[in-house]
Asker: 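Questions regarding the structure given below will be posed in turn.
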Amino acid sequence: MRLSRRALLASTLALAACDRPIGATAAAQTPLKGSAPALRDLAPYPFGTQLISTELDTPIIAELAARHFDQVNTGFELKMEYIVQQDGRLRFEGGDRLAAFCRANGQAIHAHTLVWYADTPDWFARLDGSRRAMEAAYDGYVREVAGRYAGRVRAWDVVNEPVTDEGSDLRDSLWSRNLGQDGHFIRAFELAHEADPNAILFTNDYNLESNPTKRRTFLNLVERMMNRGVPIGGIGTQCHVSVDLPAGALTTALRDIASLGLPVHVSEFDCSLVPDGIFRGSQREREADQIRLYEEALESYAALPARQQYGFTVWGVRDAESWLRRTDYGGDPSDRPLLFDDLGQPKPVFWAVAEALRG
């Protein structure tokens, strides 16, 4: 029987994870004293945040992003929804502005994302059912966008969220219907690699820590593509978590994801205090659980082999801009999922993260 990469690496990863305790509580640690340390200086791997170019107009956001993070995930300005215009022309103002900011502050760019099932601009949708036209448009888009930022980005999320919410199958989309379920995936990776041979190419998904079925389907997809020679260079796990996530779930997920041997990106971490829109427990209890989950994520990530620690990204700078505050996403305006409060001041969870990064 052929052993998968996952099976061959699992025992090594399990032993590595046992070297240090997971999820130590903040109460058991001594807080750092003095002014807030720059997190990017404490982390042994790239420590990132997510930015939208218009946020740079707010001085405190630009200052915090430059001081504390050495990698930036592009929020939406390298997605089709921003780039593709009604007539098919492409715009890059937002992406170019973020690239200039990162260059000025010595930060790497993680570009998000070339292909996403939910991102189907009208210009592409009009080609539905015409395979040749779709192939030409799809190929041209990936080549032009990835090629424009060649040498300026560290990596791309090439195909974003390929697995259904339920988790047992791959998503049907405009791209899969016209180019094939595996075909559109392979095509995007090969074209992106052709356009920017030095970029690390990721596929990325969410709920991998809370849905083992989805995680298994996702990793089976990645392993199948690797066996076909598709140039996948890393795996992204978004890790949008809530305070009700059981202890150990993140540890198990990261160990499993790392078992394929590829670099792992914790790509969009935040922790909601209001799971499913419901306040459970006191504010103090929920904040303690939030700290516990940030600590577990960082400690579990540190337990992975160093060569697989691509980076850890927090999805936003201040609570005020978090997507978890947006009611159109089902969020709660009172949620506080990030490291800095609405005024840009470090919260208790910031100090716990600083301690965890310091090791």
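Numbers here are sequence positions counted from 1.
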Asker: Under 3.5 Å, is there a donor-acceptor pair linking the side chains of Asn73 and His110?
Answerer: no
Asker: Between His68 and Thr49, is there a side-chain donor-acceptor contact under 3.5 Å, judged purely by atom types and distance?
Answerer: no
Asker: Measuring only between side-chain heavy atoms, which start at C-beta, is Val145 closer than 4.5 Å to Ile83?
Answerer: yes
Asker: Quick check: do Ile186 and Met225 have side-chain heavy atoms less than 4.5 Å from each other?
Answerer: yes
Asker: Do Tyr82 and Ile52 have side chains that approach each other closer than 4.5 Å (heavy atoms only, starting at C-beta)?
Answerer: no
Asker: Are Asp172 and Arg177 ion-paired here, with the side-chain N under 4.0 Å from a carboxylate O?
Answerer: yes
Asker: Looking only at side-chain N and O atoms, does Thr251 offer a donor or acceptor that is under 3.5 Å from a partner on Glu296?
Answerer: yes
Asker: Can you name the nearest heavy-atom pair linking Val159 to Ala188, along with the distance?
Answerer: CG2-CB, 4.1 Å
Asker: With the side chain counted from C-beta on, respond yes when Leu78 and Tyr149 share a heavy-atom pair under 4.5 Å apart, and no when they do not.
Answerer: yes
Asker: Are Arg131 and Glu135 within salt-bridge range, i.e. N to O under 4.0 Å?
Answerer: yes
Asker: Between Gly311 and Tyr301, which heavy-atom pair has the shortest distance, and what is it?
Answerer: N-OH, 2.7 Å
Asker: Any chance you could measure Glu321, atom CD, to Arg326, atom CZ, to the nearest 0.5 Å?
Answerer: 12.0 Å
Asker: For the residue pair Trp123 / Gln85, report whether a side-chain donor-acceptor contact shorter than 3.5 Å exists.
Answerer: no
Asker: Hey, what else clusters with Leu324 if you join Ile, Leu, Val, Met, Phe, Trp, Tyr whenever side-chain heavy atoms sit under 4.5 Å?
Answerer: Trp315, Trp323, Tyr329
